[in-house]
Amino acid sequence: MKKALVIGAGPAGLTAAYELLKRSDDIEVIVFEESDAFGGISKTVEYKGNRMDMGGHRFFSKVSEVNDWWEKMLPLQGKPSYDDAVLRRNVPLSNHGPNPETEDQVMLMRNRVSRILFDSKFYDYPVSLKMETLKNMGIVNTIKVGFSYLAAMVHKLPEDNLENFYINRFGKKLYSMFFEYYTENLWGRHPSEIDASWGAQRVKGLSISAVLKDILGKIFNKENRKVETSLIEEFKYPKLGPGQLWDVTADEVKKLGGKIVKNAKVIGINKNENNLITSLTYKKNGEFITVDGDYIISSMPIKDLIEGMNGVPSEPKRIAEGLPYRDYMTLGVLVSKLNLKNRTDMKTIGNIVPDCWVYVQDRNVKMGRFQIYNNWSPYLVKDLENTVWLGLEYFVNEGDDFWNMSEEQFAEIGISEMIKLGLIDSPDSVMDYHMERVKKAYPAYFDTYDEMDKLINYLNTIENLYCVGRNGQHRYNNIDHSMMTSFEAVKNIITGEKDKTNIWNVNTEQEYHEKAEQ
């Protein structure tokens, strides 16, 4: 029997393990996970009955294969969730779906609300052109934005960096208001130093013209309206947070005969003279263990993969060593109330603002975003009626001053910035807090990233190695993209296909979703 060794129990790794076990009876599957939790950066952390989502994960895809997979693991709700029932909100329900009030293994349908907090005012994200937006910007700024956008339409800049990419789509004024500082805060680099391909992947077709088309589509052509990914208005979400999906998937992998080794840090990828990987070495409880395998599916960071591999030529080794990452810290903060007023027509429990997350565009703070977990799922919060459970998000580098802070030091900064932003009045409003760190949360698009093609070419020479997922491909993939790389990798293993172009092409084409759906 052949043996597949899967590195990482996040979305890509667990998807690959499950698919291999479902599609083949003669491949043994072993998954190695460095931590003691499933889901990677999509894990859910529980703290005293309140649950935290590391980064906020919307479940949305235009690919039927992904949607069917999610439905199989966590069926869509058949009855309203607690908050929808109390507020009498209408949500799509499945005819025979589970009741989230009595069953845990269920996917909820949630409203997508995420806005920008800029100059103490809320702006829709993506930016809308409704009256409230124009009122908040004021007549002078509105005129400047309009002329700036017209200038960008006439004089296109070369899209050789992320700054020019944004300016071409939004104009320089709107870019400087809503994109420049946030992007620099996220990556630790000015947008002019970042490869434009990050914008092409994450923003895709979003621009002022796309916003206008969407508005007109709502009015005149509802049935045939094509929606850009960034403009979706609802999404699926596991009742107990994103990690729940991967906990369920891990259970299914075990039921199918797969083995999962937790707290197993892979440190060695061992190749033979024919450039085939024959085994991997992992460290667990201070012991080094080597396991033979026929196929290696890796979702570990490429930088670490190459570092642990023998016989790598100097050029791909240099490129891998130079690949940059951005790390992530979040502070869960429990408060009795928020000062932010709900001026929308959306009803919420406690009348809090309806946002799932808010992008912070304020140069006086380091906070990048904050999540309001109450709005992701009512089941993430222990006392939904009387508390608000927030996640303050900071983008950092492993080993920097922020990363090395104690929980108390980090909390002091986070709470002080909440006061600056007007979220609360004083530290006395905070009932409890909890800190989490996530390494290599965001593969970055600068330094040696522009030489990725050379590195991919080298990795493709290793016939039995399949790189999948966000860090496995050093690409800022969504959950569905990460899963799709694993779908493609498993297809290649099953069919014996040696060309891996299909695996690397996921989330590179502008219309990939639409093509895949047809």
Side-chain angles (χ1 to χ4, degrees), residues 55-56 114-128 133 136-138 140-142 144-146 148-149 151-152 157 159-203 206-208 211 230 324-331 340 353 355-371 390-397 400-403 410 413-414 416-423 441-447 476:
S114 50
R115 291 182 292 175
I116 297 167
L117 188 61
F118 174 76
D119 197 21
S120 299
K121 299 184 184 75
F122 276 113
Y123 294 82
D124 287 348
Y125 181 81
V127 179
S128 70
T133 305
N136 283 347
M137 282 199 295
V140 174
N141 271 336
T142 300
K144 286 181 179 177
V145 165
S148 174
Y149 176 64
L157 298 173
E159 292 197 354
D160 50 9
N161 62 62
L162 189 56
E163 179 173 61
N164 288 356
F165 176 91
Y166 279 133
I167 291 173
N168 282 347
R169 282 154 184 78
F170 299 97
K172 192 161 188 176
K173 179 63 178 177
L174 208 58
Y175 155 76
S176 66
M177 288 171 65
F178 292 150
F179 294 97
E180 185 175 22
Y181 176 68
Y182 178 83
T183 304
E184 187 170 7
N185 191 16
L186 169 59
W187 295 113
R189 297 284 184 96
H190 191 267
S192 61
E193 301 176 54
I194 300 173
D195 197 288
S197 58
W198 184 83
Q201 275 184 225
R202 298 301 294 180
V203 180
L206 184 61
S207 63
I208 286 184
V211 172
S230 297
Y325 299 83
R326 194 70 160 149
D327 307 292
Y328 166 91
M329 292 174 69
T330 185
L331 187 74
L340 300 174
V353 289
D355 306 73
C356 296
W357 68 49
V358 175
Y359 297 90
V360 177
Q361 306 280 11
D362 189 324
R363 295 174 188 268
N364 297 311
V365 299
K366 287 292 292 179
M367 189 189 308
R369 293 184 309 209
F370 61 88
Q371 293 190 63
L390 303 168
L392 315 183
E393 302 186 337
Y394 290 79
F395 311 116
V396 302
N397 289 326
D400 69 11
D401 290 342
F402 263 82
W403 186 265
F410 186 48
I413 287 178
S416 70
E417 293 196 345
M418 289 177 74
I419 295 169
K420 279 184 185 178
L421 294 169
L423 274 62
Y442 307 106
Y445 287 36
F446 40 84
D447 294 345
Y476 201 138

When rounded to the nearest 0.5 angstrom, what distance separates OG in S192 from CG in D160?
-> 10.0 Å

Shortest non-hydrogen contact from I116 toward D124 | CD1-O, 4.2 Å

Mind checking what makes side chain to side chain donor-acceptor pair (under 3.5 Å) contact with D327, not counting sequence neighbours?
-> none

Taking all heavy atoms of G138 and all of T142, pick out the closest pair and write down the distance.
-> O-OG1, 2.7 Å

Can you measure from CE (M367) to CG (N185) and round to the nearest 0.5 angstrom?
-> 10.5 Å

What are the two closest non-hydrogen atoms of V360 and Y182, and how far apart are they?
-> O-CD1, 4.0 Å

Taking every heavy atom of A152 against every heavy atom of G171, the minimum-distance pair comes out as CB-CA, 3.9 Å

Heavy-atom side-chain proximity of E180 to H190 below 4.5 angstrom = yes

Sorted by chain and residue number, the ring pair (Phe, Tyr, Trp, His ring centres under 6.0 Å) partners of Y394 (sequence neighbours excluded) come out as F402, F410

What distance separates F179 CZ from L174 CG, expressed to the nearest 0.5 Å?
-> 6.0 Å

Set of side chain to side chain contact (heavy atoms under 4.5 Å, CB included) partners for K173, sequence neighbours left out = N141, K144, V145, S148, S176, M177

Working to the nearest 0.5 Å, report the span between CG of D447 and CZ of R189.
-> 4.0 Å

Report the distance from atom CD of E163 to atom CD1 of I194, rounding to the nearest 0.5 Å.
-> 10.0 Å

Partners of Y442 by ring pair (Phe, Tyr, Trp, His ring centres under 6.0 Å), sequence neighbours excluded?
-> F395, Y476

May I ask you to test the Q371-T330 pair for a side-chain heavy-atom distance under 4.5 Å?
-> no

Between E159 and A196 the two heavy atoms that sit nearest each other are O-CB, 3.6 Å

CG of D355 to CG of L117: how many Å apart, nearest 0.5 Å?
-> 9.0 Å

Name all residues meeting the ring pair (Phe, Tyr, Trp, His ring centres under 6.0 Å) criterion together with F178; count only those two or more places apart in sequence or in a different chain, and write none if there are none.
-> F118, Y123

What pairs meet the side chain to side chain donor-acceptor pair (under 3.5 Å) rule with one or both residues in residues 358-369, with sequence neighbours excluded?
-> W357-Y359, D362-N364, R369-E393

Tell me, please, whether Y328 has R326 positioned over its six-membered ring: NZ or CZ under 6.0 Å from the ring centre and within 45 degrees of its axis?
-> no

Answer whether the closest heavy-atom distance between the side chains of Y445 and L162 falls below 4.5 Å.
-> no

Just wondering, do T183 and Y166 contact through their side chains at under 4.5 Å, heavy atoms?
-> yes

What heavy-atom pair brings N397 and W403 nearest, and what distance separates the two atoms?
-> O-CB, 3.6 Å

